[in-house]
Amino acid sequence: MDLTQSAEVAAFRAEARAWLRSHVPAEPLPSLETEAGFAAHREWEALLHADRWSAVSWPEEYGGRGADIERWLVFEEEYWAAGAPGRVSQNGISLLAPTLFDHATPEQRARVLPPMASGEVIWAQAWSEPEAGSDLASLTSRAVRTEGGWLLSGHKTWSSRAAFADRAFGIFRSDPAAAKAHHGLTYLMFDLRAPGVTVRPIGRLDGKPAFAELFLEGVFVPDEDVIGEPGQGWRIAMSTTGNERGLTLRSPGRFLAAADRLVSLWREAGDPADTALRDRVADAVVGARAYQLFTWANASRFAAGEAIGAESSLNKVFWSRYDIALHETALDLLGADAELARGAWAEPWVFSLAGPIYAGTNEIQRDIIAERLLGLPKGRR
Amino acid sequence: MRFLLTEEQRDFARSLRGLLAAAEVPAVVRAWSAGDHGPGRAVWGRLARTGVFALAADEAGPLPVELAVAFVELGRAGMPGPVVETVVAAVLLGRLGDEELAKRLLPGLADGGAVATLTLPGGSPYALDADAAAYCLTVSRAGELRSAGAGAPVASLDPARRLSVPVAAGPALAAGAAVSAAARAALDWARLLTAAQCLGVGEALLARTVAYAKERTQFGAPIGSFQAVKHRLADTLLALEFARPLLFAAALSLDPGEVAAAKLAAGGAAYGAALTALQLHGAIGYTEELDLSLWLRKARPLRDAWGTPAACREAVLAGRR
C-alpha cells in the first residue's frame, strides 16, 4: 500500500503545472453561462486542445495524452489549483465521450471526438423530461423510424449548456410496445440547430440561462448518429455511470483547491475566538482530503481490475453535500459581504445548492447505496 | 501509487476476524465489565500468537498499516482491554533509546505476556484498565516517564472501560526532551489506533443494524425497505467509507495532521453509526441484554479517547501552517 508518486507521474505533474502557469488567464473569464462567457470558454478549450490538455485521458489519436486515471487525477489537481476556467466541454468529455469509447463505432469516434476535444462542438445533455426526472425510464420523447434514420419528437428539459451548445445527446423511446419502461430506448446524438428543434433557455436560481428546454418536432437524426443498437439506450446510458468516470464526475482537485481558498479566507477574515467556524474550516480540509483519498483508493481498485459500481453513488452524495458545507462556511466567514453577488463565493454557493439534485438526486443515490451496497430490500420510492 | 491493502494484509485481517468471531467476544466483554479478566486475557494470548502486539516492537520499527488493519478488527469484535495502550506503550519504549528499559519491558508486551496502560500529555488524565495491566506508565508534561500504580477506580459510562488516575511512584524511569518527543509520537500512534478501532466499531454497528433492518417487519414489510431507514443507513455507510482512506493514509504518513483527520472522521463515523443503530433498533436497542449495547457504549468514549474532535480539528489546522 503506498501513496507515493512515480518519477514519471511527478514529471507529468510538473509539465501540467508549468503549462497552466503560463496559460491560465490572469483575469477570470466572464461567466460561462452567458453568451460572451460561453464564447470565451470555447476559446479556452481550443487553447487547452492545442497543447493536448483538453482531454488528457483520451488516446492520442483523438487529441488526448493517453493518461491513466492517476495522471488524470493529478492533472485535475493542478488544473483547479491553478485557478483555471470552468470546463464548458464537461458534458461531452465526461458524459458522452466515455459512452463513445465503450459503445460507438470507430467511424463515430473519429468523427465526434476531435471536434469535442477542440471545443469546436460543445455538447449538451438531453435526459430529463417534464414528467421523467428521477424516474428517467418513464420518458416519453419518441424516436420514430424513417428512411435512413430517426425522427425525434417530444420535450426535454433541464438540458445543461443547451442555451449555447451545438449538439446534444440523450435517450428516446423507439419501441413504445416494449415490455418494460427501460426497454425500447435508443441513445442518439442530434444537432441543436437542426430543423424542428426549439431551444428555450431557462433562467437558473443564479439568474443565468444555464439550462434549457428542448422542444423537438420531427427532428431528423441519421443512422450514423445512433450509438449502439437501437433499443439498448438504457443499458448504454447506465453503463458509464458506474465506471471510473462515474467516480470522477467532480474531481477531488476541485475541492482541494476550494478548501485551500477557504483556509486562506479564514486566516484573513476569521475571528480567532470563533471556534465553531474554525471547526467547520477544519472539517472542510478533512473532507477534501477524504474525498481525494477515497478517489485514489477506488482508482487503485479500478487499476487492479476490480469493478467499481454503486461506489459512485457514495461519491456523489459526499461531494454534493461537501460542496454546500464548504460554501456555507465561506459565506459565514464573509459576514455581511456574503450577500454581495460579485463575491468570489456567492455564485458558487448558489451553484453548490444544485449538487444534491443533478446527476441523480441524492435520494436516488441513497436508495442505490442501500440496495446495492448494503443489500437492503427494494421498496416503494 | 497503489492505495490498496495487499493480499497479505487482507489475509491478516481475515484471520483475525475469524479468530475473534470464534472467541465469542461479547461474553468476554461482559466478564471484563464484571471484573473478570480471565477470558479477556485468554483472547489476548491468542491475538499475541498472531503477532498483533509484536507488530509494535518490530526491529524495523512499528508497522502502522498492519496495526491499523488489526485494530479495525479489534474494534469490530468489540475487544475489551487496553489494546491501544499496550501497543502505544511499546512504541513509546521503543522510541526512548533506553536499551535497558526496552529489554526489560518490550518482550513481555510483544508476546502478549504483559498488558500495559498509560497516560500521556495531551491525552485523558485517566488510564484505561490499570487494574488489568502489569505496567501503568505515565508521562508528565515536564517529560518524566514514571511507573504508576492504579488509582481509585472511576466508573465509565462503558462498564467495559475501567478508568483510574494513575498514582506515580518512585523515581523517573526516564526524563527530558527525548521522553517528550517520544510521548508526542506515542500520542499520534494512540490516535491512529483508536481511529482504526472506531472504524471497526462503526462497521460492526452498521452490519448489525442492516441485518436487523432486513429481519424486522412492520406494516407488513421489512423496515429496511423504507426510505427513511435506508437513507439513514446509507449515510452511515458513507461516513465510514470516507473515514477508511483517511485512516490508511494516516498510517502511511504518521503525519500529526493526517492522524488527527483520521481520528476525527472515524470517531465521528462510529458515533454516528451508534446513534443510527440505536434509533433503528428502537426499544430493543436501548437495552443492556442486546449485545449491540457493547458497541453502543464504546462508540462515544472512543470518539473522545486520545483526541477529542476539538483537539483533532485543531491539529488538522495546525498541520496547514
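Fair warning: this is a prediction, and the values are worked out from it, not measured in the lab. Note on naming: letters A, B, ... go to the chains in the order of the sequence lines (proteins, then strands), and numbering restarts at 1 for each one.
Neither the backbone nor the side chain of A:Ala303 comes within less than 4.5 Å of any heavy atom in chain B. Only the side chain of A:Glu70 comes within less than 4.5 Å of a heavy atom in chain B; its backbone stays farther off. In this structure, chain A has no heavy atom under 4.5 Å from any part of B:Ala221. Contact of A:Asn362 with chain B is not made at all, since no heavy-atom distance falls under 4.5 Å. Contact of B:Leu264 with chain A is made through the side chain alone, with heavy-atom distances under 4.5 Å.
Looking at B:His231 and A:Asp367, their side chains do bring a donor and an acceptor atom within 3.5 Å of each other.
A 4.5 Å side-chain heavy-atom check between B:Glu314 and A:Arg278 finds at least one atom pair inside the cut-off. No side-chain heavy atom of B:Arg313 sits under 4.5 Å from any side-chain heavy atom of A:Thr275. Between A:Met1 and B:Gln9, the closest side-chain pair of non-hydrogen atoms falls below 4.5 Å. Using a 4.5 Å heavy-atom threshold, the side chains of A:Arg267 and B:Arg320 count as touching.
Listed for the A:Ser300 side chain is no donor-acceptor partner under 3.5 Å among the backbone atoms of B:Arg2. Judged purely by atom type and a 3.5 angstrom limit, B:Lys230 has no side-chain atom pairing as donor or acceptor with the backbone of A:Ile369.
When B:Val65, B:Leu252, B:Val316, B:Leu5 are compared by the number of non-hydrogen pairs under 4.5 Å with chain A, B:Leu252 comes out ahead. Highest contact tally toward chain A, considering only B:Thr6, B:Leu237, B:Val229, is held by B:Leu237 [criterion: heavy-atom pairs under 4.5 Å].
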